[in-house]
**Student:** 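Please find one structure pasted underneath; my questions will follow.
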Amino acid sequence: MTDRRTAVLLREAAPGDAGEITAIFLASRAAALPGLRRVHSDADTLAWITHVVLPGSRVWVAEGETGELQGFASLDGDELDHLYLRPGALRQGIGTLLLERVKSASRGELGLHTFRRNTGARAFYERHGFTAVAYDDGSRNEEGEPDVYYRWSAAAGRA
């Protein structure tokens, strides 16, 4: 799927995308959440993306005109596990395209966790129909960072 507004191609991720996906994951988290506790090395993160995320979930990438990946999203069952963009790719509609792709591949319901202090992500998900339904003190994630759980339902959007 190509979108003229953003000049990106959405496609399913391939094993060879693991390095770029890892770079986007690390850069996005560093830019959005300065001071977030790093619990894994870059090499361990690459191994996790390569051996857990890519084979264990449906992953889509947004590829720019030059072939460089601009972002990715992953769906695991009814959970949006990841949606990350390169820091320079924000506010260009790429996140919306990835989220729309995940929604269309879902069974009409999605849940996701994001860190409470990630106000940009929270505003993005709320603009796209997600509702905060639970808050955690950080004990459920490795970073020890308070988070919020969001839900979305296609049925709620039609009401």
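Computed from a predicted model, the values in this text were never measured in an experiment. We count residues from 1, following the sequence as given.
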**Student:** Can you tell me how far the CG atom of D76 sits from the CG atom of L112, to the nearest 0.5 Å?
**Tutor:** 13.0 Å
**Student:** Indicate whether the side chain of E142 and that of H40 have a donor and an acceptor atom separated by less than 3.5 Å.
**Tutor:**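 The criterion, which ignores hydrogens and geometry beyond distance, is satisfied for H40 and E142.
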**Student:** For L85 versus L90, what's the shortest heavy-atom pair and its separation?
**Tutor:** CD1-CD2, 3.8 Å
**Student:** Mind listing the closest non-hydrogen atom pair of T50 and A18 along with its distance?
**Tutor:** OG1-CB, 3.3 Å
**Student:** Output the distance between atom CG (D81) and atom OG (S74), rounded to the nearest 0.5 Å.
**Tutor:** 4.5 Å
**Student:** By side-chain hydrogen bond (donor to acceptor under 3.5 Å, both in side chains), which residues pair with R140, not counting sequence neighbours?
**Tutor:**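 side-chain hydrogen bond (donor to acceptor under 3.5 Å, both in side chains) list for R140, sorted by chain: H113, D147.
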**Student:** Output all residues satisfying side chain to side chain contact (heavy atoms under 4.5 Å, CB included) with T119, sequence neighbours left out; order by chain, then residue number.
**Tutor:** none
**Student:** If you take all heavy atoms of G71 and L98, which pair is closest and at what distance?
**Tutor:** C-CD1, 3.8 Å
**Student:** Apart from L69 itself, what residues make up its hydrophobic cluster, given side-chain heavy atom links below 4.5 Å?
**Tutor:** I21, I24, F25, L26, W48, I49, V52, V53, L54, V59, V61, F72, Y84
**Student:** Indicate yes or no: at least one non-hydrogen side-chain atom of P146 is less than 4.5 angstrom from one of D137.
**Tutor:**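 No, their side chains stay 4.5 Å or more apart.
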**Student:** Determine whether a donor-acceptor pair (N or O, by modelled atom type, separation under 3.5 Å) exists between the side chain of D17 and the backbone of E20.
**Tutor:**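 Not confirmed, D17 side chain does not pair with E20 backbone.
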**Student:** Please tell me if the side chains of W152 and H128 come closer than 4.5 Å, counting only heavy atoms from C-beta onward.
**Tutor:**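 No - every pair of side-chain heavy atoms lies 4.5 Å or more apart.
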**Student:** Check P87 against A31 and note the closest heavy-atom contact, atom names and distance.
**Tutor:**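 Minimum heavy-atom separation between P87 and A31: CG-CB, 3.7 Å.
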**Student:** For L33, which fellow cluster members are found when Ile, Leu, Val, Met, Phe, Trp and Tyr are connected by side-chain heavy-atom distances below 4.5 angstrom, either directly or through intermediates?
**Tutor:**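 Result for L33 is L36, F115.
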**Student:** Restricting to pairs with a member in residues 50-71, which pass ring-ring contact (aromatic ring centres under 6.0 Å, His included), not counting sequence neighbours?
**Tutor:**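 Qualifying pairs, neighbours excluded: none.
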**Student:** Among R117, R116, R29, exactly one meets salt bridge (charged side-chain N to carboxylate O under 4.0 Å, His left out) together with E145. Which residue is that?
**Tutor:** R117
**Student:** Indicate whether any N or O donor in one side chain lies under 3.5 Å from an N or O acceptor in the other, for Y149 and R151.
**Tutor:** yes
**Student:** Could you grab the distance from atom CD of Q70 to atom CD of E63, nearest 0.5 Å is fine?
**Tutor:** 9.5 Å
**Student:** Which value, rounded to the nearest 0.5 Å, describes the distance between T22 atom OG1 and D44 atom CG?
**Tutor:**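 Reported to 0.5 Å precision, the distance equals 11.0 Å.
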**Student:** Who pairs with S104 by side chain to side chain contact (heavy atoms under 4.5 Å, CB included), at least two apart in sequence or on another chain?
**Tutor:** R101
**Student:** Measuring from atom CG of L80 to atom CZ of F130, what distance do you get when rounded to the nearest 0.5 angstrom?
**Tutor:**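 Taking CG in L80 and CZ in F130, the distance rounds to 6.0 Å.
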**Student:** For R127, I'd like to know if atom CZ has over 12 heavy atoms of other residues, nucleotides or ligands within 6.0 Å.
**Tutor:**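 Yes, CZ of R127 has more than 12 neighbouring heavy atoms, counting only those of other groups under 6.0 Å.
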**Student:** Is the closest basic N to carboxylate O distance between E68 and R86 below 4.0 Å?
**Tutor:**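 The answer is yes: the pair qualifies as a salt bridge.
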**Student:** Could you tell me which non-hydrogen atom of A105 sits nearest to which non-hydrogen atom of R58, and how far apart they are?
**Tutor:** CB-NH1, 3.7 Å
